[in-house]
Novice: 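Before I ask anything, here is the structure I am working with.
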Amino acid sequence: MDREIFEASSLEHLDSVYRMAMQLARHPEDASDLVQETYLKALRACERFEERGGGIRPWLFKILHNVFYSKVRKDKRAPIGVDTFHDDASDQPGPDEPIPAWDLQSLDWEHVDERIKAAIDDLRPEYRTILLLWGVEGIKYREIAEIQNIPIGTVMSRLHRARSMLAAQLSDIAEEMGLSEC
Amino acid sequence: MGKVMSPELIRKFVDGELNAEELASFEPALEQDTDLCISVEFERKLRNSVMRAMNNSKQATPESLSTQIQDIFQKEAVTGLKLSSTRPMDAAIQDEDTIEFLKGPTRANFLAVAACLVIVAGAILFGIFGPNLLKQPGNTAFGDIKEVSNFVEDQHVQCVMDIEYLKKKTEFSPSQVGLAMQSHLGSTVIIPDLSNLGYELLGGGRCGVPPRDFPSGHIIYKSSADTMVGIFIQPNEGVFPALLPDSNPMVLNPEMCGGLIAWADDNLVYFVTLCDGNDSVEVVKEIRRQTYLSP
């Protein structure tokens, strides 16, 4: 891709890239650093980039993902104890349950948004980023797999688990609202 | 009611990810099954809710960030120009002196001898310190862990989502798997009993945990809530020595959902995968407790 075209088109996606960086880094300054490093790396490699159907945005996400996790690996190379790891995960909801068949007309989805937001914030980074790529950016499974450098089966599994966790949250809300299954 | 559609298929349909064959099966079912329609609608609403929630929670992009990135573009453009610019005349003159210096026979011989000494010194130093350097966990070790964790996570997911694949991976029944693993791996393999935690042993089989130079096995359990536990076992050939120093269970790759939990004894390395659940800690502890062979 021509450098001038890259400079113009890449900045159109700055909001999306920053949003992803915030999901990963969770702090505005760290996210800004991450975005700057991403754009620098992308600029230096732009002449080797061949645009495909998805455009430049998935490529920027991929670089961002690699930059972030390279830094994480440097900072946290040492393995951690199982108890420490599981302390972080102890509030995760249980396993898959069938998708509920509720009377959806009675469910106030606007009210649900705040609870969903809180539930998403509690998820691990790998779940949050995959929800962002899937739900907000509308990226397909195969591209998500390329961005995150994981098998497509893993994408499907993580997405499936993340949605199951959120659905479990909604079960709580439905119970609170006194909704019954159809 | 016709065929029951799994949550995975429903979500793939909502995401537009069904292949032609799956779609041909799904759409007729959708026309006839009211519960399926409700579930599809629920998933669509959930997806929209996630989109709204993540859009509304976004931090506004700092105004300065765009300027900073444009500065980066400009600096890179200038750097690129400097590297490709024509060299000034005085630099060219200095180059001629340098060339004359190097052409001289005495000095050329001196440089050749110096280069040989450097190479020999380097070889000696590598011979002394090299083997220790190679053992240090570095990018290669982490690359191995990532390969292992991708493999085991993929295997675990396929077993969870595809019953045919699960059958293929449990070639040995619960009554056969202990002896089969012992024969395959060349060491005593203790098959943990997780029934007190609600997990039934389904069996096990051979698999190809990286590095594939060594045999490896996979033992699978399933709970009444359809959560699964997978134990992958490989001979301890010292591939991960620096990461498994004292045989206590460690999370080698926290990035992986559920974490890649591993430990080693003198003979075997164990990798455990679990579906995310509130009993993860107890399951790992119980497996560890039963498999640890006292000296």
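In what follows, chains are A, B, ... by sequence order, proteins preceding strands, each numbered from 1. This one's a predicted model, so the numbers in the text were calculated from it and none came from an experiment.
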Novice: Check whether A/Ile120 gets within reach of chain B through its side chain, its backbone, both or neither, counting any heavy atom under 4.5 Å.
Specialist: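 The side chain, not the backbone.
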
Novice: At what distance, to the nearest 0.5 angstrom, does CG of A/Leu40 lie from NZ of B/Lys75?
Specialist: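 A/Leu40 CG to B/Lys75 NZ: 10.5 Å, rounded to 0.5 Å.
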
Novice: For B/Glu200, which residues count as a salt bridge (Lys or Arg N to Asp or Glu O under 4.0 Å) partner, sequence neighbours excluded?
Specialist: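 So B/Glu200 forms no salt bridge (Lys or Arg N to Asp or Glu O under 4.0 Å) with any residue.
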
Novice: When rounded to the nearest 0.5 angstrom, what distance separates CZ in B/Phe73 from SG in A/Cys46?
Specialist: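 Output value for this atom pair is 8.5 Å.
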
Novice: Would you compute the distance between atom CD1 of A/Ile116 and atom CG of B/Leu46 and round it to the nearest 0.5 angstrom?
Specialist: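 That separation rounds to 5.5 Å.
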
Novice: Side chains of B/Gln70 and A/Glu7: closer than 4.5 Å at any heavy-atom pair?
Specialist: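 Sidechains of A/Glu7 and B/Gln70: no contact.
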
Novice: Quick check for you: to the nearest 0.5 Å, what is the distance between A/Leu14 atom CG and B/Leu65 atom CG?
Specialist: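 Between A/Leu14 CG and B/Leu65 CG, I get 5.0 Å after rounding to 0.5 Å.
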
Novice: B/Arg44: which residues meet the salt bridge (Lys or Arg N to Asp or Glu O under 4.0 Å) condition with it, sequence neighbours left out?
Specialist: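 For B/Arg44 there are no salt bridge (Lys or Arg N to Asp or Glu O under 4.0 Å) partners, ignoring immediate neighbours.
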
Novice: Which of the residues B/Ile72, B/Thr34, B/Asn48 is involved in the greatest number of heavy-atom pairs with chain A at under 4.5 angstrom?
Specialist: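 Sorted descending by pairs with chain A, the first entry is B/Ile72.
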
Novice: Is A/Lys117 close to B/Arg52 at the side-chain level, that is, under 4.5 Å between some pair of heavy atoms?
Specialist: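 When only atoms from C-beta onward are counted, A/Lys117 and B/Arg52 do not touch, as no gap falls below 4.5 Å.
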
Novice: Can you find a pair of side-chain heavy atoms, one from B/Asp15 and one from A/Leu159, that are under 4.5 Å apart?
Specialist: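 In contact.
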
Novice: Indicate whether any N or O donor in one side chain lies under 3.5 Å from an N or O acceptor in the other, for A/Ser164 and B/Arg11.
Specialist: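 Result is yes, a qualifying pair exists.
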
Novice: Below 4.5 Å, heavy-atom pairs only: which of A/Pro28, A/Ser10, A/Ala119, A/Ser32 has the largest tally toward chain B?
Specialist: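 With the most close heavy-atom pairs to chain B, the winner is A/Ser32.
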
Novice: Roughly how far, to the nearest 0.5 Å, is the CZ atom of A/Arg163 from the CD atom of B/Glu8?
Specialist: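 B/Glu8 atom CD to A/Arg163 atom CZ measures 10.5 Å (nearest 0.5 Å).
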
Novice: How close do B/Pro62 and A/Tyr18 get, heavy atom to heavy atom, and via which atoms?
Specialist: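 What the structure gives for the nearest pair is CD-CZ, 3.4 Å.
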
Novice: Looking only at non-hydrogen atoms, find the nearest pair between B/Pro7 and A/His160 and report the distance.
Specialist: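 Heavy-atom minimum between the residues: CB-CE1, 4.0 Å.
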
Novice: Run the numbers on B/Met54 and A/Gln23 for side-chain contact (heavy atoms from CB on, under 4.5 Å), then give the verdict.
Specialist: CA-CA 10 Å; B/Met54 297 191 96; A/Gln23 287 297 334; 3.7 Å; yes

Novice: Could you check whether atom CD of B/Gln68 has more than 12 heavy atoms from other residues, nucleotides or ligands sitting under 6.0 Å from it?
Specialist: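 Yes, enclosed.
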
Novice: So which of A/Ile152, A/Leu11, A/Val17 has the biggest tally of heavy-atom pairs under 4.5 Å with chain B?
Specialist: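 If we count pairs closer than 4.5 Å to chain B, A/Leu11 comes out on top.
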
Novice: Check whether A/Leu132 gets within reach of chain B through its side chain, its backbone, both or neither, counting any heavy atom under 4.5 Å.
Specialist: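 For A/Leu132, heavy atoms of backbone and side chain both lie under 4.5 Å from chain B.
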
Novice: To the closest 0.5 Å, what do you measure between OH (A/Tyr39) and OG (B/Ser66)?
Specialist: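 The OH atom of A/Tyr39 sits 8.5 Å away from the OG atom of B/Ser66.
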
Novice: Checking side-chain contact (heavy atoms from CB on, under 4.5 Å) for the pair B/Glu17/A/Lys140: CA distance, chi angles, key distance, verdict?
Specialist: CA-CA 8 Å; B/Glu17 296 272 3; A/Lys140 294 294 187 186; 3.2 Å; yes

Novice: Relative to chain B, which of A/Gln36, A/Arg142, A/Met22 shows the most heavy atom pairs under 4.5 Å?
Specialist: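 If we count pairs closer than 4.5 Å to chain B, A/Gln36 comes out on top.
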
Novice: Is it the side chain or the backbone of A/Arg44 that comes within 4.5 Å of chain B heavy atoms, both, or neither?
Specialist: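 Looking at A/Arg44, just its side chain touches chain B.
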
